[in-house]
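Notes for the one structure printed next.
What you are looking at is a predicted structure, and each value in this text was computed from that prediction instead of being measured. Just the heavy atoms: all of them, side chains too, but no hydrogens, waters or symmetry mates, feed the values below. Residue numbers start from 1 in every chain, and the chains themselves are labelled A, B, ... in the order their sequence lines are given, proteins ahead of strands.
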2 protein chains.
Amino acid sequence: MASDHSLELYTLKAELCKSFADPRRQMLIDALRKGESTVGNLARALEIPQAVVSRHLAILRERGVASARREGTNVYYSLSDPKIGEACDMMHQILLGQVEKNKELAERLIA
Amino acid sequence: MASDHSLELYTLKAELCKSFADPRRQMLIDALRKGESTVGNLARALEIPQAVVSRHLAILRERGVASARREGTNVYYSLSDPKIGEACDMMHQILLGQVEKNKELAERLIA
DNA sequence: TCTATATATCTATATATTTATATCTTTATA
DNA sequence: TATAAAGATATAAATATATAGATATATAGA
């Protein structure tokens with residue numbers, strides 16, 4: 001029935017969001033927006049242990065957010081879809097809106 | 001320093017995403033897009049126990065995603081920002097893109 | 001007191017991190 | 001060619017922490 005399908009869809013959406021729901025993965029996604037990069041380069045640039053970067057990239061890969069391409073001993077990761085970057089921008093805008101609201105609230109409280 | 005601020009920002013974004021990262025909350029957000037609603041109505045409509053709905057709404061409220069307004073014994077919840085709905089639409093589009101890719105892959109494998 | 005909502009406690013499950021080790025690929029060398 | 005060493009990445013095990021759901025109970029307002 002319809003509600004079952006919906007539940008599946010909601011679950012998929014939730015899992016997609018879950019893949020964004022970690023600070024390190026946010027950093028990785030942001031870094032990958034500038035172009036593909038290797039595990040090692042990301043680890044050095046973001047100052048995150050290699051195993052942690054590899055683990056998080058695997059999560060992004062498993063959820064279809066990132067893609068991997070091997071070249072020699074290196075593995076290059078990239079975002080699977082530019083919309084992923086746009087989604088992060090949207091999160092940013094929502095956060096800005098929240099700050100704005102708090103600012104308004106603060107100003108009203110002071111006045 | 002800059003990297004600390006960034007970490008904070010990434011953490012905020014991650015927490016925002018975390019608030020979206022549950023099927024029930026996806027359902028609640030989707031329901032709230034149609035307009036404000038009470039805890040009880042949402043619980044009945046979505047067939048989720050009252051305590052669970054209340055809990056999830058509290059999470060959305062704490063993270064600034066939803067707002068609450070009391071009217072008598074009822075509490076009306078609503079989305080704090082229409083951009084939240086748009087963010088969900090974007091997730092939907094990303095999912096569609098993934099399905100599309102899988103379809104292409106499947107067709108290539110068959111051929 | 002009744003209704004609607006929130007919360008506390010308990011339990012089960014999921015998640016992230018650390019450390020160590022395994023795998024895969026290239027390169028060097030006997 | 002076979003093999004060993006080195007570099008890059010992935011994975012496993014252990015631990016700590018976070019999260020969700022169920023049930024019962026507390027709180028707020030009519």
Side-chain angles (χ1 to χ4, degrees), chain A residues 3 7-8 10-32 36-79, chain B residues 7-8 10-32 35-79:
Chain A
S3 61
L7 180 57
E8 265 181 59
Y10 289 127
T11 302
L12 285 174
K13 281 193 199 175
E15 279 174 11
L16 183 57
C17 291
K18 215 172 276 183
S19 75
F20 299 155
D22 180 276
R24 314 279 194 142
R25 290 200 288 275
Q26 282 289 332
M27 294 174 77
L28 287 167
I29 289 169
D30 213 34
L32 289 177
E36 67 173 8
S37 184
T38 66
V39 179
N41 281 337
L42 291 166
R44 274 184 294 278
L46 307 179
E47 300 181 35
I48 302 173
Q50 177 270 327
V52 173
V53 170
S54 179
R55 195 86 246 315
H56 283 300
L57 287 173
I59 290 168
L60 293 176
R61 183 164 34 79
E62 284 157 14
R63 289 186 177 152
V65 172
S67 312
R69 171 179 79 78
R70 176 149 229 153
E71 195 175 304
T73 60
N74 293 307
V75 175
Y76 287 84
Y77 277 86
S78 57
L79 292 184
Chain B
L7 178 57
E8 267 181 58
Y10 288 128
T11 301
L12 285 174
K13 282 193 197 175
E15 279 174 12
L16 182 59
C17 291
K18 215 172 276 183
S19 76
F20 299 157
D22 180 277
R24 314 275 192 144
R25 290 200 290 274
Q26 282 289 331
M27 294 173 76
L28 287 166
I29 289 170
D30 213 34
L32 289 176
E36 67 173 9
S37 184
T38 66
V39 179
N41 282 337
L42 290 166
R44 275 184 293 280
L46 307 179
E47 300 180 36
I48 301 174
Q50 178 270 327
V52 173
V53 170
S54 180
R55 197 82 244 312
H56 283 300
L57 287 173
I59 289 168
L60 293 176
R61 182 165 35 79
E62 285 158 13
R63 291 193 173 144
V65 171
S67 312
R69 172 177 78 78
R70 177 149 228 152
E71 194 175 303
T73 61
N74 293 307
V75 175
Y76 288 83
Y77 278 85
S78 58
L79 292 186

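- A straight line from CG of B:Leu28 to C1' of D:dA20 spans 14 Å, rounded to a whole angstrom.
- Residue order along DNA chain D, read from the 5' end via each residue's closest nucleotide, puts B:Arg55 first among B:Arg55 and B:Ala51.
- A sub-4.0 Å separation between OP1 or OP2 of D:dA20 and a side-chain N or O of B:Arg25 is present.
- Going from atom NZ of B:Lys18 over to atom P of D:dT17 covers 15 Å, rounded to whole Å.
- Closest approach to the B:Val75 side chain among D:dT19, C:dT5, C:dT15 is made by C:dT5 (side chain taken as heavy atoms from C-beta onward).
- Using a 4.0 Å heavy-atom distance criterion, B:Ile59 is classed as a sugar-phosphate-only contact.
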| said: For B:Glu15 and B:Lys13: C-alpha separation, side-chain torsions, deciding distance, then whether salt bridge (charged side-chain N to carboxylate O under 4.0 Å, His left out) applies. | reply: CA-CA 5 Å; B:Glu15 279 174 12; B:Lys13 282 193 197 175; over 6 Å; no
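- Dashed line: the shortest gap from a side-chain N or O of B:His56 to OP1 or OP2 of D:dT19 is not under 4.0 Å.
- Checking C:dT15, C:dA6, D:dT9 against every side-chain atom of A:Arg63, the shortest atom distance belongs to C:dT15.
- In this structure, A:Asn74 does not reach the D:dG7 phosphate: none of its side-chain N or O atoms is under 4.0 Å from OP1 or OP2.
- Between the CG atom of A:Leu57 and the C1' atom of C:dT17 there is a distance of 15 Å, rounded to whole Å.
- Taking only side-chain nitrogens and oxygens, A:Tyr77 comes nearer than 4.0 Å to OP1 or OP2 of D:dA10.
- We find that CD of B:Glu36 is positioned 16 Å from C1' of C:dT5, with the value rounded to whole Å.
- For D:dA30, the paired base is C:dT1 (Watson-Crick or G-U wobble, both distances below 3.5 Å).
- Interface remark: the A:Gln50 side chain does not form any donor-acceptor pair with the D:dA8 base, using a distance-only criterion of under 3.5 Å.
- Under the Watson-Crick or G-U wobble criterion, with both distances below 3.5 Å, C:dT18 is paired with D:dA13.
- Both B:Arg70 and A:Arg24 sit near DNA chain C, but only B:Arg70 has its closest nucleotide nearer the 5' end.
- When every heavy atom of B:Ala31 is checked against every heavy atom of B:Leu42, the shortest pair comes out as CB-CD2, 3.8 Å.
- The partner of C:dT29, taking Watson-Crick or G-U wobble pairs whose two distances both stay under 3.5 Å, is D:dA2.
- For the pair A:Arg69 (side chain) and A:Tyr76 (backbone), a donor-acceptor distance under 3.5 Å is absent.
- Contact record, A:Ala14 with B:Pro23: CB-N, 3.4 Å, taken as the closest heavy-atom pair.
- When the C1' atom of D:dT9 is taken as reference, atom CD1 of A:Ile48 falls 16 Å away, rounded to whole Å.
- In this structure, the nucleotide among D:dA22, C:dT18, C:dA16 sitting nearest to the side chain of B:Pro49 is D:dA22.
- As a whole-Å value, the separation of A:Leu60 CG from D:dA10 C1' is 15 Å.
- Contact annotation: A:Thr73 does not reach the phosphate of C:dT25 (side-chain N/O to OP1 or OP2, under 4.0 Å).
- Taking atom CD of residue A:Glu71 and atom P of nucleotide D:dG7, one finds them 19 Å apart after rounding to whole Å.
- For A:Val52, whose side chain is taken as the heavy atoms from C-beta onward, the closest listed nucleotide among C:dT17, D:dT9, D:dG29 is C:dT17.
- Of all heavy-atom pairs spanning A:Lys18 and B:Ala21, the tightest one is CE-O, 3.4 Å.
- Here A:Tyr76 lies out of heavy-atom contact (under 4.0 Å) with every strand.
- Residue A:Arg44 contributes atom CZ, which lies 11 Å from atom C1' of D:dG7 at whole-angstrom precision.
- Heavy atoms from other residues, nucleotides or ligands lying under 6.0 Å from CZ of B:Arg63 number more than 12.
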